[in-house]
Structure formats: structure tokens, C-alpha cells
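Here's the structure we're looking at; comments come further down.
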Amino acid sequence: MQVQVLASVMNQSMEQIVEQMNLSSDAVIINQCDCLKQEEMEYKGNRIRFFSFPDRGVGRSRNEAIMRADRDICLFSDEDIVYEEGYAEKIAAEFEKNPRADMILFNVAVDESRRTYHITDRKRVRWYNCGRYGAVSFAVRRSSLLSSGVMFSLLFGGGARYSNGEDSLFLKEFMQKGYRVYTAPVTIGREEARESTWFAGYDKKFFFDRGVLYHYLYGRLAVPFSLRFLLAHKSKMCGQVSVRQAWQWMREGVRSVR
């Protein structure tokens with residue numbers, strides 16, 4: 001069972017990013033830049049394909065990578081992820097242990113201030129808790145991914161109209177189509193701190209966009225789930241604005257797409 005990294009990067013060179021991410025598996029890397037180019041190299045015995053496009057948007061670049069994937073397991077990634085030695089073997093082992101799994105979510109270590117989840121056991125993911133996982137935790141069977149027809153939204157995420165959430169929508173749609181998603185308490189890499197391309201603070205746009213996302217994630221339950229989200233994270237997110245104000249902005253986001 002072969003693992004293939006599908007990475008979305010911006011203004012990178014092939015040689016530099018491969019070393020920076022410590023890749024030890026095949027990879028398809030989509031580089032958002034100002035040119036159109038295709039390159040290929042062998043690195044540690046693995047095939048690296050590098051595609052440069054003048055387009056922008058993390059959802060678009062992830063979809064471009066999906067269309068070029070050709071190995072058993074697809075592992076989504078970003079340029080700020082540094083993998084541990086043996087990550088591909090760890091991922092393959094988890095799929096061998098759980099042949100029912102179409103997708104498995106793994107731990108990627110991040111700074112405490114940015115952490116939204118930490119997996120401590122093996123269990124199935126459900127619709128009501130799928131919003132906490134980032135795409136860099138997703139490892140999915142390519143056969144299941146292609147048969148599902150699920151792709152990343154072009155409306156959400158870096159470079160899109162709404163700030164983030166393309167990963168949550170992808171996960172929800174994948175599960176809605178009947179595919180099984182599980183967690184594994186296995187760390188495969190870490191995130192290197194860098195300046196965000198979309199996050200400008202906990203302001204009106206952040207909460208409004210989150211409200212739009214919650215409409216698509218939770219439907220009629222979007223408003224109460226918005227309040228649950230704010231109460232759970234108020235110490236981190238509501239230092240400059242009140243919970244009441246943030247909830248109002250989230251409700252405006254929910255209503256804007258009803």
C-alpha cells in the first residue's frame with residue numbers, strides 16, 4: 001500500500017520544498033505562482049511531481065493534486081508541514097489494521113494557540129464533530145476518493161471568498177456519501193509556524209465567514225452550534241469583542257446564505 005503526499009504550496013521551488021517537508025514517499029505538489037510549468041525529480045527513491053500554476057486558492061490546488069494522484073493512499077499537505085521519519089509506513093499500517101476505513105485522520109503537532117484537535121484513540125468520526133480537523137490530517141484511499149466524486153470547495157479557504165472551512169466541508173460531504181472516516185492516535189509530522197494567508201484576527205470577517213460555514217455544515221442547527229463554538233473558545237477568540245457581538249456576526253453569516 002503506497003502513500004502519496006498531495007501538497008498545496010505557494011511560490012516554492014521543487015528542490016527546496018521537498019527537503020523542507022522531509023518527504024519520504026511519492027508526492028504531487030501544486031505550486032501557486034506566476035508561471036505554468038511541470039517538473040519531476042527522484043528524491044530518496046520516490047517520484048516527486050511538481051506542477052506550477054498561475055491560479056490561486058487552496059481548494060483549487062488540492063483538486064488539481066487529486067486529479068494527478070496515482071497511488072493507493074492520498075495524504076493532503078501544506079508547505080508548512082514537516083514529516084516524521086517513517087510517516088508513510090505508519091499511515092499504511094493503520095489502513096492495514098482497519099480495512100473498513102476509507103479515510104483515517106492523524107495527528108499533526110501544532111502550536112498550542114492553533115491546535116483544534118488532538119487524537120487520543122481510534123474511533124469513527126461523525127457529522128457533529130467533523131469541523132475540528134484540518135486537511136493536513138486527512139489520509140484517504142484513492143479508490144474511495146475517486147468513487148465518491150468529492151472535491152474541495154472553491155468558495156472556502158485561503159485565496160477564496162470565505163476565509164476557511166474547505167476541509168470541514170470536504171469531510172462532511174465524504175461522510176454523507178456513506179464513506180467511513182476514523183481517527184488514529186498517531187503523529188505523522190508537525191506544523192512549522194508561519195504567517196497565515198487568510199487569518200487577520202478574530203474580527204467581523206472571521207465570525208461572519210464562520211457563520212456561513214456553519215450554515216453549510218449544520219443546516220438548521222447552525223445558530224446553536226455557533227453559540228456552542230463561541231462558548232467553547234471564548235477565552236481565545238473573544239478578547240477584543242464580546243461573545244454576544246461575535247454571535248451576532250456569526251448569525252449574520254448564517255442568514256446571508258439561507
cation_pi(R251, W249) dist<6.0 Å, angle<=45: no
Hydrophobic cluster membership, L169 vs V150, 4.5 Å side-chain cutoff: no
Criterion side chain to side chain donor-acceptor pair (under 3.5 Å) on S147 and Y179, from CA distance to verdict: CA-CA 10 Å; S147 64; Y179 294 89; 2.9 Å; yes
Spacing of I73 atom CD1 and L6 atom CG [to the nearest 0.5 Å]: 11.0 Å
Smallest separation among heavy atoms of I81 and S77, with atom names: CB-OG, 3.7 Å
Cluster link L105 to V110, ILVMFWY, side chain under 4.5 Å: no
Atom pair CE (M14) and CD (E19), whose distance is rounded to the nearest 0.5 Å: 11.5 Å
Stepwise side chain to side chain contact (heavy atoms under 4.5 Å, CB included) check, M250 with L213: CA-CA 9 Å; M250 287 191 71; L213 172 64; over 6 Å; no
Ionic contact status for K177 with D102, cut-off 4.0 Å: no
Residue list, salt bridge (Lys or Arg N to Asp or Glu O under 4.0 Å) with R190, at least two apart or on another chain: E192
same_hphob_cluster(L23, V82) at 4.5 Å side-chain heavy-atom cutoff: no
Spatial distance of atom OG (S8) from atom CG (N31) [nearest 0.5 Å]: 9.0 Å
Short N-O contact, R56 and D34, less than 4.0 angstrom: yes
Atom pair CZ/CG of R124 and N129 - distance to nearest 0.5 Å: 11.5 Å
Salt-bridge contact E40-R47 (side-chain N to carboxylate O under 4.0 Å): yes
Contact check, side chains of E166 and V58, non-hydrogen atoms, under 4.5 Å: yes
Side-chain donor-acceptor contact under 3.5 Å, Q12 with E79: yes
Pairing of K204 and D209 as salt bridge, 4.0 angstrom limit: no
Single-linkage hydrophobic cluster, 4.5 Å side-chain cutoff, V28 and F152 together: yes
Distance under 6.0 Å and angle within 45° of ring axis: R126 vs Y128: no
Which residues share a salt bridge (Lys or Arg N to Asp or Glu O under 4.0 Å) with R122, sequence neighbours left out: E94
Side-chain donor-acceptor pair present, S24, Y43, cut-off under 3.5 Å: no
Under 3.5 Å donor-acceptor, Y216 side chain and G165 backbone: no
Ring centers of Y162, F156 separated by less than 6.0 Å: yes
Set of residues satisfying salt bridge (Lys or Arg N to Asp or Glu O under 4.0 Å) with respect to D121, sequence neighbours excluded: none
Plane angle bin for F229 and H233 - parallel if under 30°, tilted between 30 and 60°, otherwise perpendicular: tilted
Sub-4.5 Å side-chain heavy-atom contact between F76 and R62: yes
Heavy-atom donor-acceptor pair, R141 side chain to A101 backbone, under 3.5 Å: yes
Donor-acceptor side-chain pairing of T183 and Y133 below 3.5 angstrom: no
Parallel, tilted or perpendicular, as decided by the 30° and 60° cut-offs, for the rings of F170 and F138: parallel
D203 side chain to F206 backbone, donor-acceptor under 3.5 Å: yes
Verify same cluster id: M151, V181 (apolar side-chain graph, 4.5 Å): yes
N/O donor-acceptor pair under 3.5 Å between S153 side chain and L155 backbone: yes
Distance in Å, S61 OG paired with I30 CD1, rounded so as to fall on 0.5 Å steps: 7.0 Å
R68 charged N/C atom sitting above F51 aromatic ring, 6.0 Å / 45°: yes
Approximate separation, where rounding is to 0.5 Å, of F95 CZ and D72 CG: 10.0 Å
Heavy-atom side-chain proximity of I91 to I188 below 4.5 angstrom: yes
side-chain hydrogen bond (donor to acceptor under 3.5 Å, both in side chains) partner of D26, chosen from Q2, Q4, R71: R71
Pairing of E84 and K90 as salt bridge, 4.0 angstrom limit: yes
Parallel, tilted or perpendicular, as decided by the 30° and 60° cut-offs, for the rings of Y214 and Y218: perpendicular
Stepwise salt bridge (Lys or Arg N to Asp or Glu O under 4.0 Å) check, R49 with D70: CA-CA 11 Å; R49 287 183 290 154; D70 57 3; 3.4 Å; yes
